[in-house]
Amino acid sequence: MTGVLRTSLLLLRTGPRRLCRDAAPRCTAASAHFTCTTDRQSKKENERTVGKLCKFSVDVRKIRRVKGWVLQEEETYVEEVVSVLRGLGADAAVVAGILERCPEAIICSPAAVTTQRDLWQLVCGSEQELVRLIEQFPEAFFTVKDQENLQLNFRLFQELGLRNVVISRFLTTASSVFHHPVEKNKQMIRALQESYLNRGGSEANMKVWLLKLLSQNPFILFNSPAAVRETLEFLQEQGFTNLEVLQLLSKLKGFLFQLCPRGIQNSISFSKNAFECTDHDLKQLILKCPALLYYSVAVLEERIQGLVKEGISIAQIRETPMVLELTPQIVQYRIRKLNSLGYRIKDGHLADLNGTKKEFEANFGKIQAKRERPLFNPVAPLNVEE
């Protein structure tokens, strides 16, 4: 695969750098914009383009309603684009659907489309899977620039150990990370690695953590290394040790790097007043429930007030702070379900409210079964001594 990447990279350096050429000239002044719009509207449709689209059963009316300007382009590549798609195994209906959803595809140069196909095939398990991705996300496939940078990011993610299925998901749902300069992505990845290792984390655990972090939130790469360092240093200024910061990194994953010192300070101050606790006690609460750091003061206030309205005390919330990760609506729903069994949550433990939907339903089922279990089983054998 490295040989394929090297060969493709050499071709890209001498080949086209943009997949699609600009659809229309940019106009800055209001008068110029009006002129450009009028000129475009006055242009006639390219009859050859319309004829070729009809030949492949494309509903031209849909294109006219949404992106009619494509039909006015003088230079189009309908047959060439269709040939690439059919070569991957796409049937006539799928090809027509792709062109109706992303008509800009027909103004992409055949060479660029072919290069794009080759790049995407590096991380797709089969041509069938590639066709499925193009059908679902045609804009991501046909609207790409800087293919050399795209390929370098492919290599970077593969060298980190990200699975191809994850990289292909990035292509369709987070394609902007591939447009981001590869050197900046490398700098941010180094900053993340150092932030973990410098606080006592092992190399093996760091690799697992980093892969999970990128898989769940690839947009973390748009952060700056300086902002990451600033956030972690601020936490240590608040009294968190290296080990405790490492725990927060593991629990919060990418959320921690979306915070700024001011936001963290506001949340800490609010929580300290709300729970009437010392700095040490608050730190223990945060380690149990990192949500206290990344939720805004408004969200925390709403959730605490919602719990208090249900008869739950501040002391109970302090004992099980993870309940703050649930919205007021979810809390109300779960309390009603438990009340239907005669279970009074304010007299019990808030742990029964916690967890994902699946975890709560499983716990609810156990409580329900326990409540409905008969005290005496009439069919059970009696142990009577002769």
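Predicted model only: the values in this text are computed from it and were never measured.
- The minimum heavy-atom distance linking E325 with A291 is given by the pair CG-CB, 3.7 Å.
- Here T115 contributes atom OG1 and E148 contributes atom CD; the two are 12.0 Å apart, rounded to the nearest 0.5 Å.
- In terms of heavy atoms, F275 sits closest to L292 at CE1-CD2, 4.1 Å.
- A distance of 9.5 Å separates CE in M188 from CG in L214, rounded to the nearest 0.5 Å.
- Under the 3.5 Å distance criterion, the side-chain polar atoms of K288 are matched with a main-chain donor or acceptor of E319.
- Between the N185 side chain and the V177 main chain, a donor and an acceptor come within less than 3.5 Å of each other.
- Contact check for L353 versus L338: side-chain heavy atoms found under the 4.5 Å cut-off.
- Residue-environment remark: NZ (K62) stays at or below the threshold of 12 foreign heavy atoms within 6.0 Å.
- L232 CG to L246 CG: the interatomic distance, rounded to the nearest 0.5 Å, is 10.0 Å.
- Around the CD atom of Q284, the shell of radius 6.0 Å holds more than 12 heavy atoms that belong to other residues, nucleotides or ligands.
- For the pair R199 (side chain) and S195 (backbone), a donor-acceptor distance under 3.5 Å is present.
- Between the side chain of D91 and the backbone N or O of V94 there is at least one donor-acceptor pair closer than 3.5 Å.
- Applying the salt bridge (charged side-chain N to carboxylate O under 4.0 Å, His left out) definition to pairs two or more places apart or across chains, those involving residues 170-194 are E183-K186.
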For residues 47-55, please give each side-chain donor-acceptor pair under 3.5 Å, one per line with the distance, not counting sequence neighbours.
from : atom 1 : to  : atom 2 : distance (Å)
T49  : OG1    : N46 : ND2    : 3.4
T49  : OG1    : T76 : OG1    : 2.8

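- For E79 and S83, the side-chain atoms include no donor-acceptor pair closer than 3.5 Å.
- Pairs of residues two or more places apart, or lying in two chains, that qualify as side chain to side chain donor-acceptor pair (under 3.5 Å) and include a residue from residues 296-311 are Y295-R303.
- For the atom pair CD of Q136 and CD1 of I98, the computed distance is 10.5 Å after rounding to the nearest 0.5 Å.
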Go through the steps to decide whether T320 and Q316 satisfy the test side chain to side chain donor-acceptor pair (under 3.5 Å), and finish with yes or no. CA-CA 6 Å; T320 314; Q316 284 179 297; over 6 Å; no

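- Between L307 and the choices L350, V331, L326, the side-chain contact (heavy atoms from CB on, under 4.5 Å) rule is met once, by V331.
- Around atom CD of E276, no more than 12 heavy atoms belonging to other residues, nucleotides or ligands sit under 6.0 Å away.
- Note that OG1 of T231 and CD of Q258 are 10.5 Å apart. Values are rounded to the nearest 0.5 Å.
- Judged purely by distance below 3.5 Å, without hydrogens or angles, the side chains of T278 and D281 pair a donor atom with an acceptor atom.
- Counted by atom type alone, S202 and N205 present one or more donor-acceptor pairs between their side chains at under 3.5 Å.
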